[in-house]
Asker: 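This is the structure I have questions about; it appears just below.
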Amino acid sequence: MEKQFLALVVREQADGSFTRSIDQRTIDDLPEGDVLVRVLYSSLNYKDALSASGNKGVTKTYPHTPGIDAAGVVEESRSADFQPGAEVLVSGYELGVSIPGGFGQFIRVPADRVMPRPEGLTLYESMVYGTAGFTAAASVAALIESGVSSGDGPVLVTGATGGVGSFAVALLAREGYEVVAATGKLEQRDYLTRLGASEVIHRQELLEGAGRPLLKSRWAGVVDTVGGAYLAAAIAAARYQGTVTACGNAAGAELHTTVFPFILRGVRLLGIDTAQLPLPQRKTLWQRIAGEWKLPGLEQIGRRVSFAELDAEIERILAGGQTGRVVVDLWAD
Ligand SMILES: NC(=O)c1ccc[n+]([C@@H]2O[C@H](COP(=O)([O-])OP(=O)(O)OC[C@H]3O[C@@H](n4cnc5c(N)ncnc54)[C@H](OP(=O)(O)O)[C@@H]3O)[C@@H](O)[C@H]2O)c1
């Protein structure tokens with residue numbers, strides 16, 4: 001009999017609504033690909049929650065299994081690069097967006113989408129980072145490369161308690177930056193301080209005076225994970241030759257700004273994309289995460305949940321209630 005496994009399946013109903021259920025699937029249901037992976041862990045990113053709730057900007061065709069991150073063991077392979085039993089990561093590209101993703105116990109993907117587990121991280125640890133931690137690392141690397149150094153002044157992180165935000169706070173603090181964490185959850189002040197924030201502010205504070213072309217010069221660097229009015233305000237308050245990275249849109253996709261921060265203060269705005277990042281760059285950044293940027297106390301950031309608990313976590317992240325990272329254990333009861 002064809003091998004059966006469990007997967008979260010999102011379906012579009014006749015009335016345009018979407019439902020989610022954990023269903024039996026067979027390996028034949030998976031698309032063609034060189035490498036069949038038994039997924040041990042996935043993780044929950046904001047993008048997964050959008051895909052799981054029927055957002056057609058992320059996933060156009062349903063039924064669909066989300067999950068942009070997967071860590072597991074090669075079950076079968078037609079590629080000489082991967083032998084059965086090898087521990088691997090698959091994330092980004094089409095995974096969990098247009099092909100069945102890590103919220104299923106098996107995935108099948110082309111070999112050029114697969115990378116060996118980075119030495120220095122377990123499969124579980126790699127999913128505590130997942131795409132969110134990877135994006136934080138890409139943002140911090142971009143700030144450093146643009147010339148922002150730890151003595152230049154405070155670096156702002158928006159959406160600080162979220163997945164990208166938590167890792168950005170911790171990585172920046174590890175690199176010696178003075179980190180100001182902006183959050184809607186002031187009750188998580190201790191969590192952010194433990195991660196390394198020097199100061200925790202309510203995100204509303206960023207919007208004081210918003211709309212003016214320039215605000216009081218404040219940030220040497222910014223890791224923005226939310227977009228919208230917060231990104232605009234962060235740009236307006238960036239210091240002379242400060243760098244602002246933009247990776248997210250949890251607060252809005254629009255950006256209303258003027259040219260003045262750019263032409264009067266030389267502010268640099270850098271876009272961060274990790275979904276299409278070529279595999280060689282992906283491997284290099286993962287090696288850095290597993291090496292010099294491996295953080296102690298990952299258990300502070302990551303929480304393990306079972307398949308059965310995933311649905312509630314999807315609702316929580318959509319409502320902006322996520323703190324840290326959720327790792328999905330695909331085989332837990
Ligand atoms: N460009 C890329 O390659 C890439 C990769 C990964 C993620 N992303 C994007 O990065 C963002 C963060 O992803 P994530 O997985 O870290 O999500 P997350 O865990 O949900 O974190 C987002 C955080 O943003 C804040 N937030 C949520 N809704 C908000 C609102 N309406 N207004 C202001 N702040 C709000 C909350 O933090 P506080 O309560 O602390 O304020 C929330 O915890 C998402 O937009 C995601 O799509 C982009």
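What you see is a predicted model, and the numbers here were worked out from it, not measured in a lab. Along the sequence shown, the residues carry numbers beginning at 1. When a ligand or atom number is given, it counts from 1 through the structure's own listing order.
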Asker: Identify the closest protein heavy atom to atom 31 (N) of ligand 1: which residue and atom is it, and at what distance?
Answerer: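 Looking only at protein heavy atoms, the one closest to atom 31 (N) of ligand 1 is Ala250 O, 3.5 Å.
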
Asker: Side chains of Ser166 and Arg325: any donor to acceptor distance under 3.5 Å?
Answerer: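 Looking only at side-chain atoms, Ser166 and Arg325 do not form any donor-acceptor pair under 3.5 Å.
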
Asker: What atoms in ligand 1 come closer than 4.0 Å to a heavy atom of Thr131?
Answerer: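 Near Thr131, meaning under 4.0 Å from one of its heavy atoms, ligand 1 has 5 (C), 6 (C).
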
Asker: Going hydrophobic residue to hydrophobic residue with side-chain gaps under 4.5 angstrom, can you get from Leu207 over to Val244?
Answerer: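 Per the 4.5 Å side-chain linkage, Leu207 and Val244 are co-clustered.
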
Asker: Which of the listed options, Gly228, Gly320, Ser139, holds the heavy atom that is closest to atom 42 (C) of ligand 1?
Answerer: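 That would be Gly320.
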
Asker: Can you tell me if CG on Asp15 sees more than 12 non-hydrogen neighbours from other groups inside 6.0 Å?
Answerer: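 Buried by this count: over 12 neighbours within 6.0 Å.
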
Asker: Look up atom CG in Leu6 and atom CD1 in Ile22, then write down how far apart they are to the nearest 0.5 Å.
Answerer: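 It comes to 7.5 Å.
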
Asker: At under 4.0 Å between heavy atoms, which part of Thr158 makes contact with ligand 1: side chain, backbone, both or neither?
Answerer: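 No part of Thr158 comes within reach of ligand 1.
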
Asker: Pull out every atom of ligand 1 sitting under 4.0 Å from any heavy atom of Gly248, numbered as shown with elements.
Answerer: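 Selected atoms, number and element: 9 (C), 10 (O), 11 (C), 45 (O).
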
Asker: Can you pull out the closest protein heavy atom to atom 5 (C) of ligand 1? Residue, atom name and distance to 0.1 Å, please.
Answerer: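 Among all protein heavy atoms, the one nearest atom 5 (C) of ligand 1 is Thr135 OG1, 2.9 Å.
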
Asker: Among Tyr129, Phe167, Trp286, whose side chain to side chain contact (heavy atoms under 4.5 Å, CB included) with Phe134 holds?
Answerer: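 That would be Trp286; it is the only one of Tyr129, Phe167, Trp286 passing the side chain to side chain contact (heavy atoms under 4.5 Å, CB included) with Phe134.
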
Asker: Charged N to carboxylate O under 4.0 angstrom, Glu94 versus Arg113?
Answerer: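 The answer is yes: the pair qualifies as a salt bridge.
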
Asker: Using a 4.0 Å heavy-atom threshold (strictly under), name the region of Thr183 that reaches ligand 1: side chain, backbone, both or neither.
Answerer: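 Both of them.
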
Asker: Counting heavy atoms only, which of Gly252, Gly324, Gly271, Gly162 comes nearest to atom 21 (O) of ligand 1?
Answerer: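 Ranked by closest heavy atom to atom 21 (O) of ligand 1, first place is Gly162.
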
Asker: Starting from atom 47 (O) of ligand 1, which protein heavy atom do you reach first, and at what distance in Å?
Answerer: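 The answer is Tyr46 CD2, 3.7 Å.
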
Asker: If you have a sec, work out which protein heavy atom is nearest atom 20 (O) of ligand 1 and how many Å separate them, to one decimal?
Answerer: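 Of the protein heavy atoms, Ile317 CG1, 3.1 Å lies nearest.
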
Asker: Answer yes or no on whether Arg282 is positioned over the face of Tyr93, meaning its NZ or CZ is under 6.0 Å from the six-membered ring centre and within 45° of the axis.
Answerer: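 Flagged: Arg282 positioned over aromatic ring of Tyr93.
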
Asker: If you have a sec, work out which protein heavy atom is nearest atom 7 (C) of ligand 1 and how many Å separate them, to one decimal?
Answerer: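 Looking only at protein heavy atoms, the one closest to atom 7 (C) of ligand 1 is Val164 CG2, 3.9 Å.
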
Asker: As an exercise, identify every atom of ligand 1 less than 4.0 angstrom from a heavy atom of Thr225.
Answerer: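 Answer for ligand 1: 10 (O), 11 (C), 12 (C), 45 (O).
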
Asker: Near Gly163, which atoms of ligand 1 are under 4.0 Å from a heavy atom of that residue?
Answerer: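 Here the atoms of ligand 1 in question are 16 (O), 18 (P), 19 (O), 21 (O).
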
Asker: At less than 4.0 angstrom from any non-hydrogen atom of Ala251, what atoms of ligand 1 do you find?
Answerer: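 Reading through ligand 1 atom by atom, the close ones are 30 (C), 31 (N), 32 (N), 33 (C).
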
Asker: Does an N or O anywhere in Val226 fall below 3.5 Å from an N or O of ligand 1?
Answerer: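 No, no N or O pair falls under 3.5 Å.
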
Asker: Examine the side chains of Ser306 and Glu309 and answer whether a donor and an acceptor come within less than 3.5 Å of each other.
Answerer: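 Yes.
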
Asker: Would Tyr41 and Ser126 count as having a side-chain donor-acceptor pair, cut-off 3.5 Å?
Answerer: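 Their side chains do not contain a donor-acceptor pair, so the 3.5 Å distance test is not met.
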
Asker: Report the member of Cys247, Gly165, Ala138, Gly92 with the shortest heavy-atom distance to atom 9 (C) of ligand 1.
Answerer: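 Going through Cys247, Gly165, Ala138, Gly92 one by one, Cys247 has the nearest heavy atom to atom 9 (C) of ligand 1.
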
Asker: Any idea which part of Thr161 is under 4.0 Å from ligand 1, heavy-atom wise: side chain, backbone, both or neither?
Answerer: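 The answer is both, backbone and side chain.
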
Asker: Tell me: protein heavy atom nearest atom 37 (O) of ligand 1, and distance?
Answerer: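 Checked against all protein heavy atoms, atom 37 (O) of ligand 1 sits closest to Gly159 CA, 3.5 Å.
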
Asker: State whether the side chain of Asp48 and the backbone N or O of Ile68 hold a donor-acceptor pair below 3.5 Å, judged by distance alone.
Answerer: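 Yes.
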
Asker: Are Leu206 and Leu186 joined in one hydrophobic group, where the rule is that I, L, V, M, F, W and Y side chains link up if heavy atoms are under 4.5 Å apart?
Answerer: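 As far as the 4.5 Å side-chain criterion goes, Leu186 and Leu206 are not connected within one cluster.
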
Asker: Is the closest side-chain donor-acceptor distance between Thr26 and Asp28 under 3.5 Å?
Answerer: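 The criterion, which ignores hydrogens and geometry beyond distance, is not satisfied for Asp28 and Thr26.
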
Asker: Identify, by atom number and element, the atoms of ligand 1 in contact range of Asn249, meaning under 4.0 Å from any of its heavy atoms.
Answerer: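 Result: 45 (O), 47 (O).
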
Asker: Would Asp311 and Arg20 count as a salt bridge (Lys or Arg N to Asp or Glu O under 4.0 Å) if you check the C-alpha gap in whole Å, the side-chain angles of each, and the deciding distance to 0.1 Å?
Answerer: CA-CA 8 Å; Asp311 200 67; Arg20 294 191 285 269; 2.6 Å; yes

Asker: Which is it for Arg203 and ligand 1 at heavy atoms under 4.0 Å: side chain, backbone, both or neither?
Answerer: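 The answer is the side chain.
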
Asker: Given Lys185, Glu187, Gln204, Gln188, which has its nearest heavy atom closest to atom 43 (O) of ligand 1?
Answerer: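 Heavy atom nearest to atom 43 (O) of ligand 1 belongs to Lys185.
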
Asker: Heavy-atom contact check, 4.0 Å cutoff: does Phe134 meet ligand 1?
Answerer: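 Phe134 does not count as a contact of ligand 1 under the 4.0 Å cut-off.
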
Asker: Determine whether more than 12 heavy atoms belonging to other residues, nucleotides or ligands lie under 6.0 Å from atom CZ of Phe262.
Answerer: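 It does: Phe262 CZ has more than 12 such atoms within range.
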
Asker: For ligand 1, which atoms have a heavy atom of Thr274 less than 4.0 angstrom away?
Answerer: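 Near Thr274, meaning under 4.0 Å from one of its heavy atoms, ligand 1 has 2 (C), 3 (O), 5 (C).
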
Asker: For ligand 1, which atoms have a heavy atom of Ile272 less than 4.0 angstrom away?
Answerer: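 Within the 4.0 Å cut-off of Ile272, ligand 1 contributes 1 (N), 2 (C), 3 (O).
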
Asker: For Glu119, look at atom CD and say whether over 12 heavy atoms of other residues, nucleotides or ligands are found less than 6.0 Å away.
Answerer: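 No, not enclosed.
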
Asker: Asn45 to ligand 1: N or O pair under 3.5 Å?
Answerer: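 No; the residue has no nitrogen or oxygen that sits under 3.5 Å from a nitrogen or oxygen of the ligand.
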
